[in-house]
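A quick write-up on the structure given underneath.
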Amino acid sequence: MGFKITNDGVLEKYIEEKGVSEVVIPDCVKEIGKLAFSGCSSLKSIIIPDSVTSIGEGAFSFCETLTNITIPNSVTSISKDAFEWCKSFTSITIPGSVTDIGNCAFYECTNLTSITIPDSVTGIGNLAFYKCENLKDVTIPESVTGIGEYAFKGTKWLSEYPDDFVVLKNGILIAYKGKDSIISIPDSVTSICNRVFAKCNSLTSVTIPDSVTSISDSAFESCSNLTSVTIPNSVTSIGKRAFLECRSLTSIVIPDSVISIGDSAFEAV
């Protein structure tokens with residue numbers, strides 16, 4: 001088959017062959033390189049051997065006919081854009097060896113219906129499952145402590161979530177779906193993810209509970225009608241651009257507990 005593999009085991013490129021829909025990657029491969037299979041239009045099934053430890057940026061992006069891929073337990077990271085626009089996926093098993101899912105890793109996998117993230121994963125990148133519009137069944141373990149902005153935006157899971165506040169079991173607030181002008185964030189929340197309330201122009205007043213210890217980057221960015229925020233003594237850090245362009249903000253008290261304020265946190269207020 002048309003594999004271009006370096007001496008140190010990097011699969012740099014798969015040269016697509018006419019009529020070939022199933023591929024078994026050779027055991028000598030240690031790493032699947034950047035864009036290695038990108039745009040392969042006929043592949044339906046790929047088997048990755050146990051020798052592979054990483055999947056590079058955009059490795060399988062735009063493989064629109066790919067329906068089945070086996071990721072072995074040797075893989076520890078799924079990089080940025082790895083499976084972007086793999087529109088024929090309905091499900092994928094992420095092995096318990098993976099610790100990080102990169103930005104846009106499954107961006108617009110529109111037929112993906114379910115995903116179970118293993119306990120080994122601690123971080124999910126920006127837009128990781130963005131516009132996976134049929135994604136309805138999502139399991140996120142408590143091991144996940146960081147979720148990037150809009151990671152699940154445009155999924156059925158979010159649109160059908162029963163509450164306005166989408167809070168993980170470990171207390172991370174990853175989305176807000178409400179339209180109320182005055183809100184109190186639930187006591188179950190311990191941290192507020194990036195851009196959760198960004199551009200929520202309906203908001204005028206927010207009360208943050210004592211359970212929250214950090215306000216992430218751009219959390220309230222461009223909330224143009226926000227006039228009042230209550231920050232408790234439990235908060236120790238306010239991220240970059242957290243209240244950027246909250247031009248109506250007239251009342252905010254920053255408690256002595258805050259030891260870190262990011263760049264442009266209150267710019268254009």
Side-chain angles (χ1 to χ4, degrees), residues 80 101-104 107 122-131 140 144-155 157-159 161 163-269:
K80 174 184 175 183
I101 298 172
N103 296 344
C104 302
Y107 184 101
T122 59
I124 299 173
N126 299 336
L127 306 169
F129 295 91
Y130 184 72
K131 286 190 177 180
I140 303 174
V144 174
T145 56
I147 295 186
E149 58 191 59
Y150 304 142
F152 292 92
K153 189 172 183 179
T155 65
W157 177 64
L158 272 191
S159 65
Y161 197 85
D163 299 321
D164 286 344
F165 295 94
V166 184
V167 185
L168 301 187
K169 288 181 180 179
N170 58 4
I172 300 176
L173 175 62
I174 68 169
Y176 172 68
K177 298 166 52 184
K179 300 293 183 182
D180 293 338
S181 59
I182 300 174
I183 65 169
S184 293
I185 296 172
D187 291 338
S188 58
V189 173
T190 57
S191 64
I192 300 169
C193 275
N194 295 6
R195 303 190 67 83
V196 167
F197 297 99
K199 297 184 178 180
C200 287
N201 292 326
S202 61
L203 283 182
T204 60
S205 177
V206 175
T207 299
I208 300 172
D210 291 337
S211 53
V212 171
T213 57
S214 64
I215 299 171
S216 296
D217 296 351
S218 302
F220 296 92
E221 182 178 337
S222 299
C223 290
S224 59
N225 293 305
L226 184 63
T227 60
S228 174
V229 177
T230 302
I231 300 176
N233 290 323
S234 56
V235 171
T236 59
S237 65
I238 298 173
K240 295 181 292 185
R241 304 177 303 279
F243 296 93
L244 175 69
E245 295 190 351
C246 292
R247 297 183 183 274
S248 299
L249 192 59
T250 58
S251 175
I252 186 166
V253 176
I254 301 172
D256 293 339
S257 58
V258 173
I259 57 175
S260 172
I261 298 177
D263 294 342
S264 303
F266 295 96
E267 186 176 336
V269 169

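- Here E149 contributes atom CD and Y130 contributes atom OH; the two are 10.5 Å apart, rounded to the nearest 0.5 Å.
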Could you walk me through whether S224 and R247 pass side chain to side chain donor-acceptor pair (under 3.5 Å), step by step? CA-CA 6 Å; S224 59; R247 297 183 183 274; over 6 Å; no

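- We find the CD1-CD1 distance between I252 and I231 to be 4.0 Å, quoted to the nearest 0.5 Å.
- Salt-bridge annotation for R195 and E221: present, with a side-chain N of the basic residue lying under 4.0 Å from a carboxylate O of the acidic one.
- Distance check, rounded to the nearest 0.5 Å: OG of S159 to NZ of K153 gives 12.5 Å.
- From C246, atom SG reaches atom CD of E267 across 12.0 Å, with rounding to the nearest 0.5 Å.
- For K199, the NZ atom counts as loosely surrounded, since its 6.0 Å shell holds 12 or fewer non-hydrogen atoms of other residues, nucleotides or ligands.
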request  = Could you please spell out the steps behind the side-chain contact (heavy atoms from CB on, under 4.5 Å) verdict for F165 and V189?
outcome  = CA-CA 9 Å; F165 295 94; V189 173; 5.7 Å; no

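- No side-chain heavy atom of T204 sits less than 4.5 Å from a side-chain heavy atom of L226.
- Of the possible donor and acceptor atoms, none in the side chain of T230 sits under 3.5 Å from a partner among the backbone N and O of T207.
- Looking at N103, its side chain does come within 3.5 Å of a backbone N or O of N126 through a donor-acceptor pair.
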Under 3.5 Å donor-acceptor pairs involving side-chain atoms of residues 255-263, not counting sequence neighbours:
residue	atom	partner	partner atom	Å
S257	OG	N233	O	2.6
S257	OG	V235	O	2.6

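- To the nearest 0.5 Å, atom OG of residue S264 and atom NZ of residue K240 are 9.5 Å apart.
- N225 places a side-chain N or O within 3.5 Å of a backbone atom of N201 that can act as its donor or acceptor partner.
- Rounding to the nearest 0.5 Å gives a distance of 14.0 Å between OH of Y150 and OG1 of T155.
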